[in-house]
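Note that ligands are numbered from 1 as they come in the structure, with each ligand's atoms numbered from 1 the same way.
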Amino acid sequence: MPHDVNLVATIAVGFVLASIFGYLADRLRLPALVGYLVAGIFIGPFTPGFVADADMAGQLAEIGIVLLMFGVGLHFSASDLLAVRGVVVAGALGQILLATLLGFGLCWLWGWNAGHGIVFGLCISVASTVVLLKALEERNLLQSTQGRVAVGWLIVEDLAMVLALVLLPVFAESMGGHAEAGSETSSAPITLTILLTLTKVAGFALIAALIGPRIVPWILIKVARTGSRELFTLSVLALALGIAFGSAAAFGVSFALGAFFAGVIMGESQLSHRAAANSLPLQDAFSVLFFVSIGMLFEPAILVEKPLEVLAVVAVIALGKPIGAFLLILALRYPVRLALGIAAGIAQIGEFSFILAGLGAAYGLVTKEGQSLILAAALLAITINPLAFATAEALERWISGRFPRWSANFGRRRERVLAVELDRIQAQAKKRDHEQARKITEFIETFPLFKAINVDDQEELLLLFVPKAASPGDRIVRIREKGDAMYFVVSGTVEVDVNGAAVQLGAGSFFGEMALLTGDPRTADVTAVDYCNFLVLSRRDFRLFMSRHPAVRAAVQAMAEERLAMNRAAVNSSEYHDERLDQGAAATDR
Ligand code: CMP
């Protein structure tokens, strides 16, 4: 294959096989993810047939990670995390510690050195957010207390892993690894390096928190106002990848963390749901490539050569981790049902394990064999994850049958407090959404002119408007001046002075359209009669919007013509009247 089509070939074969195997996995009632990993194995170097470019696939995977973490950030809710902190912080950190110890123990049994053991343990301690989100979604649990605790749990794990990613290069040498090929080794003392690294991360977080919420929504609104969907999607992606890349370059934090923050910042914007909807297809596509590229690294031979090792790692992931989490949650005095649900959700490993293993390999802290073990175990654990959920349900039934009183009462109080708090947050979020919906409904009720355009366009129109208020007697539009805007009367009354005759316009009407349509000067004076509120559409936005909505333009045009005709008729009749008066005066003179 000629070298210059490598990228296309990798993407094309990756997509084709991933969709075939994804479909088959779904038919077998397995997560589609398993299919993507299998597709990767097929185009990997360890199986016969087409071999995709591993470097290229790795880079595509990197984009997948950035978009995935961006998605996680977009849906991240700080208030949710705060509400569930009582269980997730101690729980997730405790579980990471436990799982790392278990992994470390395994490595110790195999005679690996301590550094390798720690990194390996860390790799298998963290569950995949993507797998969990998919599992919760399938079971309709995303918005439940269990789902939100699980998501909070994984966010704590992800953040802990980000810290591990940042610190690994610093500790690599003291853990028995080496500096990354091509990078210079720092001679600074380790505490100084750690301090420097943490300061960089904190600096980045601070800048992201202070400047991000001002700049990002501003850019999004500016772009949304152009009305170009394509430009909007592009800007969302540019911000996600730009912040990820920029932060990695400037602060040395990982792509993943940068993307996560980009998502969090964007999530605060009123356009976040559109950002999410627009970036989702690309996010899906590249996350598929991420899993395909992981599959490519998998050496099936490991299953034959080291079956017991693979099984041992799977046992730690699918049994050790969930049992540990279950006991931890009970120790924190939360109910059995919640403990079982979380335990099932985290009985797998995924993206962060692969990222950390990759980084570990670059620093000589994860061997090829270690990487293969992690991949094989991940593949198996993700495949049997639905079984973990089924087991959790069966166990719950068994416990509540066997110990009905205990299981009904244990941890109930805490769960209730948690549920109330989560409900409150959800109600608040709903209220915000309702508020926006109410604003749009009210707007449409006042201006039925815009009824026919779709909700997205209505929302966009609201972004185009600039509110303006006027007091009685204020002159809003002056006759013979150049027209620069059109006005929609939200409340109050204005008076249009047409050749000495006054026409009053109230809420729901508009004025100033004639000069914009014709390019001629204003045809009348318009003055506020009482306190008024307007929505003002600038000439530029008027043109843009009307060119996209010909029906609205036609309606505005019709109104302008009607007004013009009315004014002409008034002029004619007043001229006729004046003439009659003049004639009358002449007759009296005679
Ligand atoms: P424009 O000419 O841009 O500025 C003055 C505005 O007054 C004009 O657009 C119309 O919107 C409005 N106007 C002019 N004539 C009438 C009329 N007969 N009835 C209501 N509004 C009018």
In the protein, what heavy atom is nearest to [atom], and what distance, to one decimal place, separates them?
| atom | value |
| --- | --- |
| atom 20 (C) of ligand 1 | R563 NE, 3.3 Å |
| atom 3 (O) of ligand 1 | R522 NH1, 2.7 Å |
| atom 8 (C) of ligand 1 | M514 SD, 3.4 Å |
| atom 15 (N) of ligand 1 | N567 ND2, 2.9 Å |
| atom 13 (N) of ligand 1 | V496 CG1, 3.6 Å |

Backbone or side-chain N or O of L505 under 3.5 Å from ligand 1 N or O: no
Check: G512 N/O within less than 3.5 Å of ligand 1 N/O: yes
Ligand 1 atoms in contact with [X] (distance to a heavy atom under 4.0 Å):
| X | result |
| --- | --- |
| T523 | 1 (P), 2 (O), 4 (O), 5 (C), 8 (C), 14 (C) |
| A515 | 1 (P), 2 (O), 3 (O) |
| F511 | 11 (O) |
| V477 | 4 (O), 5 (C) |
| V503 | 19 (N), 20 (C) |
| A524 | 5 (C) |
| M566 | 17 (C), 18 (N), 19 (N) |

Look at atom CD of E230 and say whether more than 12 heavy atoms of other residues, nucleotides or ligands are closer to it than 6.0 Å. no
Heavy atoms of other groups near N140 CG, more than 12 under 6.0 Å: no
Does E513 approach ligand 1 within less than 4.0 angstrom via side chain, backbone, both or neither, non-hydrogen atoms only? both
Would R563 count as a cation-pi partner of F510, with NZ or CZ less than 6.0 Å from the six-membered ring centre and within 45° of the ring normal? yes
Do V490 and F534 come close enough that some side-chain heavy atom pair is under 4.5 Å? no
Steps toward side chain to side chain contact (heavy atoms under 4.5 Å, CB included) verdict (R148, Q426): CA-CA 11 Å; R148 289 157 86 188; Q426 204 159 32; 3.4 Å; yes
Can [X] and [Y] be counted as an ion pair, charged N to O under 4.0 angstrom?
| X | Y | result |
| --- | --- | --- |
| R475 | D525 | yes |
| R424 | E421 | yes |
| E442 | R438 | yes |

Measuring centre to centre across the rings, with the benzene-like ring taken for any Trp, is F290 within less than 6.0 Å of F286? no
Does the side chain to side chain contact (heavy atoms under 4.5 Å, CB included) test come out yes or no for E460 and R548, once each step is laid out? CA-CA 12 Å; E460 210 165 277; R548 285 206 314 272; 2.8 Å; yes
